[in-house]
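Reviewing the structure listed below.
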Amino acid sequence: KSADTTMTIVFGVKKYDVESPGYSFSEFYLVHVGDSRAYIFDKSSGLDLVSDDDSPVRSLLESGAISPLEAKLHPRKNKLYYTLLHPNAAVQKSPNLYYPANFHYRIEKLGRLARGAKIFLVTDGFSDQFREDQDFNEIEEFLRAGLGPKELVAAALIRSEQGIEG
């Protein structure tokens, strides 16, 4: 059995602003492979999923071939098209450095973010507890109330303990 993993990174590029002297983040980028999720929240536009799952089940869901409930229960829901590969499936370049033999990832420009916007990177274990079609409202209520990641994780844990899945 392979030990493949996913990767989701958001990084900002700083630029010097001559109009209001100083450095500020001018643009943000997403680097992504797998099924971890990246969300951006700001109070004016709400919660927005900005990453894509690299899974056949997600493709079926987006095409309308299966329902959100069928996707949650699908036997291949954790299978992925692309992941970061385990070092055993990689080319060793030096004693401590491996390059995946078949490395696939995407870099997407997110652009500028609104002042006060928050970025959330979550695993599929978190997002499995919330259905995007119904529970985004609940998550947005948490965020609009000023609650942060700790409270969202606590809500996901409570749902998991109570057997409530999205």
Side-chain angles (χ1 to χ4, degrees), residues 5-72 74 77-78 80-84 103-166:
T5 189
T6 66
M7 173 183 73
T8 304
I9 299 170
V10 174
F11 66 92
V13 176
K14 280 188 170 184
K15 271 182 138 174
Y16 187 78
D17 187 350
V18 292
E19 292 177 17
S20 55
Y23 285 93
S24 63
F25 288 106
S26 62
E27 295 177 340
F28 285 84
Y29 293 83
L30 169 72
V31 182
H32 177 72
V33 62
D35 63 351
S36 294
R37 305 275 175 85
Y39 297 91
I40 296 177
F41 172 79
D42 78 65
K43 290 187 177 184
S44 63
S45 63
L47 189 65
D48 186 29
L49 176 64
V50 294
S51 60
D52 294 319
D53 281 7
D54 290 318
S55 73
V57 172
R58 185 66 179 199
S59 296
L60 290 170
L61 178 63
E62 288 175 356
S63 73
I66 62 174
S67 70
L69 180 58
E70 289 171 316
K72 291 277 183 202
H74 200 285
K77 72 177 184 174
N78 293 320
L80 300 170
Y81 290 127
Y82 304 109
T83 63
L84 294 176
F103 193 59
H104 172 87
Y105 62 93
R106 290 181 306 287
I107 300 177
E108 299 174 33
K109 183 176 178 179
L110 301 175
R112 294 185 67 94
L113 299 182
R115 182 175 295 280
K118 293 178 174 46
I119 300 168
F120 293 93
L121 307 178
V122 300
T123 67
D124 59 337
F126 174 86
S127 56
D128 280 352
Q129 299 305 318
F130 296 94
R131 279 206 321 244
E132 292 168 13
D133 59 335
Q134 294 177 356
D135 297 323
F136 263 28
N137 291 338
E138 182 180 343
I139 295 170
E140 284 183 355
E141 286 177 27
F142 272 102
L143 297 172
R144 288 185 195 286
L147 303 176
K150 288 180 183 177
E151 292 84 4
L152 287 171
V153 169
L157 290 172
I158 290 168
R159 284 170 162 263
S160 178
E161 289 171 2
Q162 293 175 348
I164 302 169
E165 283 195 16

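A quick note: this is a predicted structure, and the numbers were derived from the prediction, not measured. Throughout, numbering of the chain's residues begins at 1 and tracks the sequence.
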Gap between atom CG of Leu61 and atom NE2 of His74 - 0.5 Å precision: 10.5 Å
Minimum heavy-atom separation for [X] to [Y], with atom names?
| X | Y | value |
| --- | --- | --- |
| Ser51 | Arg37 | OG-CA, 3.4 Å |
| Ala117 | Ile40 | CB-CG2, 4.4 Å |
| Thr8 | Ala38 | CG2-CB, 3.8 Å |

Qualifying residue, where the test is side chain to side chain contact (heavy atoms under 4.5 Å, CB included) with Tyr39 and the options are Ile119, Leu49, Leu121: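 For Tyr39, the side chain to side chain contact (heavy atoms under 4.5 Å, CB included) test succeeds with only one of Ile119, Leu49, Leu121, which is Leu49.
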Flag side-chain contact, heavy atom, 4.5 Å: [X] against [Y]:
| X | Y | result |
| --- | --- | --- |
| Tyr29 | Leu110 | no |
| Ile107 | Leu30 | no |
| Phe41 | Asp48 | no |
| Leu60 | Arg58 | no |

Residue pairs fulfilling salt bridge (charged side-chain N to carboxylate O under 4.0 Å, His left out) with at least one residue in residues 145-155, sequence neighbours excluded: none
Crowding at CZ, Arg144 (>12 non-hydrogen neighbours, <6.0 Å):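 For Arg144, atom CZ is crowded (more than 12 foreign heavy atoms under 6.0 Å).
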Salt-bridge criterion met for Glu27 and Arg112 (N-O under 4.0 Å): no
Salt-bridge contact Asp42-Arg115 (side-chain N to carboxylate O under 4.0 Å):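 Salt bridge: no.
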Which residues share a side chain to side chain donor-acceptor pair (under 3.5 Å) with Ser36, sequence neighbours left out: Thr6
Stepwise side-chain contact (heavy atoms from CB on, under 4.5 Å) check, Met7 with Ile9: CA-CA 7 Å; Met7 173 183 73; Ile9 299 170; 3.7 Å; yes
All ring pair (Phe, Tyr, Trp, His ring centres under 6.0 Å) counterparts of Phe28, not counting sequence neighbours: Phe25
